[in-house]
Amino acid sequence: MNRIDLNPNHDRLQHDRRRFLKCLGLSAPFFTVPGAFAEELARTPRQTEGPFYPDHLPLDTDNDLIIVNDRLTPAVGEITHLRGGILDTHGAPIRNALVEIWQVDNNGVYLNSRDTHAARDPNFQGFGRFLTGSNGEYYFRTIKPVLYPGRTRHIHFAIKMKGREKWTTQCYVKGEPQNARDGVLSGIRDAKARASVIVDFTPLADSRRGELAANFDIVPGFTPEL
């Protein structure tokens with residue numbers, strides 16, 4: 001007797017999962033060459049952690065924020081493949097850096113019990129972690145951030161390393177009109193430094209679902225491990 005698949009999303013989700021795992025296997029050779037930059041890189045502006053770091057971390061804290069644990073229903077939103085490198089000022093990759101991100105869901109709600117202005121999407125993880133390897137690269141599958149009351153579109157980042165103070169910043173969506181009115185972003189007075197945290201969210205050419213890609217390199221000023 002043939003088995004009838006009662007979940008019409010199963011094949012699509014399996015395809016998405018395979019695509020996600022394939023992305024994990026990709027690495028940018030650019031980050032594998034220590035000291036690849038002739039000139040010293042400018043440090044990424046340090047920015048506030050904000051008030052809505054998760055007050056209760058989810059059981060699932062991996063780097064795929066679209067699928068929570070083994071659920072079959074994905075998060076609502078524009079799927080985005082977010083990647084970049086954690087580098088020192090000479091362009092050398094920083095390994096063993098724990099990269100954390102957190103952001104609002106498609107309803108504009110954080111994974112924090114104090115954010116109650118709207119209902120949360122239970123299928124969006126809201127928080128993820130990635131430990132960098134020898135190439136200093138990180139990768140997350142998440143959604144394009146939406147507007148939050150009083151804030152432009154943004155994603156929070158924290159970099160944690162043994163023996164160092166937690167380092168935080170935020171990245172923003174290039175072309176978003178609200179950027180010009182955002183108090184946190186405008187607080188970066190240097191135009192070049194401000195531009196360094198504003199990134200393109202560009203369509204993936206081979207995506208059938210309108211997926212996006214974004215690259216955000218971070219230079220926190222740490223020295224790589226020997």
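Keep in mind that the numbers below use all heavy atoms, side chains included, and drop hydrogens, waters and symmetry copies.
Annotation: side chain of Asn107 is not in contact with side chain of Phe124 (no heavy-atom distance under 4.5 Å). A 4.5 Å side-chain heavy-atom check between Val197 and Gln170 finds every atom pair outside the cut-off. The shortest distance between side-chain heavy atoms of Ile101 and Tyr138 does not fall below 4.5 Å. Between Pro145 and Val173, the closest side-chain pair of non-hydrogen atoms falls below 4.5 Å. Looking at heavy atoms from C-beta onward, His154 lies out of side-chain contact with Leu185 at the 4.5 angstrom threshold. Side-chain atoms of Asp217 and Leu41, non-hydrogen and from C-beta on, never get closer than 4.5 Å to each other. Here the side chains of Ile159 and Val99 are in contact, with some heavy-atom distance below 4.5 Å.
Cluster membership check: Ile155 shares its hydrophobic cluster with Ile66, using side-chain heavy-atom separations under 4.5 Å among Ile, Leu, Val, Met, Phe, Trp and Tyr. Under the 4.5 Å side-chain heavy-atom criterion for ILVMFWY residues, a single connected hydrophobic cluster contains both Phe130 and Phe222. When the side chains of ILVMFWY residues are joined at heavy-atom separations under 4.5 Å, either directly or via intervening members, Ile143 and Phe216 end up in a single hydrophobic cluster.
The side chain to side chain donor-acceptor pair (under 3.5 Å) search around Lys166 returns Glu49, not counting sequence neighbours. Shown here are the salt bridge (Lys or Arg N to Asp or Glu O under 4.0 Å) partners of Arg120, two or more places apart in sequence or in another chain: there are none. Under the ring-ring contact (aromatic ring centres under 6.0 Å, His included) criterion, Tyr172 pairs with no residue, sequence neighbours left out. Scored by the side chain to side chain donor-acceptor pair (under 3.5 Å) test, Asp55 finds Ser113 as partners (sequence neighbours excluded). Residues passing the side-chain contact (heavy atoms from CB on, under 4.5 Å) test with Leu98 are Glu100, Arg129, Leu131, Lys160, sequence neighbours excluded. Looking at residues two or more places apart in sequence or on another chain, you find a side chain to side chain donor-acceptor pair (under 3.5 Å) between Thr142 and Gln103. A search for ring-ring contact (aromatic ring centres under 6.0 Å, His included) contacts involving Phe201 returns nothing, not counting sequence neighbours. By the salt bridge (Lys or Arg N to Asp or Glu O under 4.0 Å) test, Asp200 pairs with Lys174, sequence neighbours left out. Under the rule for a salt bridge (Lys or Arg N to Asp or Glu O under 4.0 Å), the partners of Glu176 that lie at least two apart in sequence or sit in another chain are Arg153. The side chain to side chain donor-acceptor pair (under 3.5 Å) check on Asp115 picks up His117, with sequence neighbours excluded.
The minimum heavy-atom distance between Phe127 and Leu111, with the atom names listed, is CB-CD2, 4.3 Å. Nearest heavy-atom pair, Asp105 versus Ala119, reported as atom, atom and distance to 0.1 Å: OD2-O, 4.3 Å. Val68 and Pro122 get closest at one heavy-atom pair: CG2-O, 4.2 Å. Between Pro93 and Leu87, the shortest heavy-atom distance links the atoms CA-CD2, 3.9 Å. The two atoms that bring Met161 and Arg95 nearest to each other are CE-O, 3.9 Å, heavy atoms only. Annotation for Val184 and Gln47: closest pair CG1-NE2, 3.5 Å, computed over non-hydrogen atoms.
Under the side-chain hydrogen bond (donor to acceptor under 3.5 Å, both in side chains) criterion, the residue pairs touching residues 177-191 are Arg151-Asp182, Thr152-Asn179, Gln178-Arg181, with sequence neighbours excluded. Sorted by first and then second residue, the ring pair (Phe, Tyr, Trp, His ring centres under 6.0 Å) pairs with a member in residues 92-114 read Phe52-Tyr110, Tyr53-Trp102, Trp102-His156, Tyr110-Tyr148, Tyr110-His156; sequence neighbours excluded.
Enclosure of atom CZ in Arg194 by more than 12 non-hydrogen atoms of other residues, nucleotides or ligands within 6.0 angstrom is indicated.
A donor-acceptor pair is defined here as one N or O able to donate and one able to accept, closer than 3.5 Å; such a pair exists between the side chain of Gln125 and the backbone of Asp60. Between the Thr44 side chain and the Val219 main chain, a donor and an acceptor come within less than 3.5 Å of each other. No side-chain donor-acceptor contact under 3.5 Å links Glu78 to the backbone of Gly210. With hydrogens and angles ignored, the 3.5 Å screen pairs no side-chain donor or acceptor of Thr169 with any backbone N or O of Phe157. For Asn69 (side chain) and Arg71 (main-chain N/O), no donor-acceptor pair under 3.5 Å exists by modelled atom type.
With rounding to the nearest 0.5 angstrom, the CG atom of Asn123 is 10.0 Å from the CG atom of Leu72. In this structure, NE2 in His81 is found 4.5 Å from OH in Tyr139, a value given to the nearest 0.5 Å. Distance OG1/Thr61 to CG/Asn63: 9.5 Å, rounded to 0.5 Å. Here Leu82 contributes atom CG and Asn215 contributes atom CG; the two are 8.0 Å apart, rounded to the nearest 0.5 Å. Going from atom CG of Asn135 over to atom CD1 of Ile86 covers 11.0 Å, rounded to the nearest 0.5 Å. Phe140 contributes atom CZ, which lies 9.5 Å from atom CG of Asp62 (distance to the nearest 0.5 angstrom).
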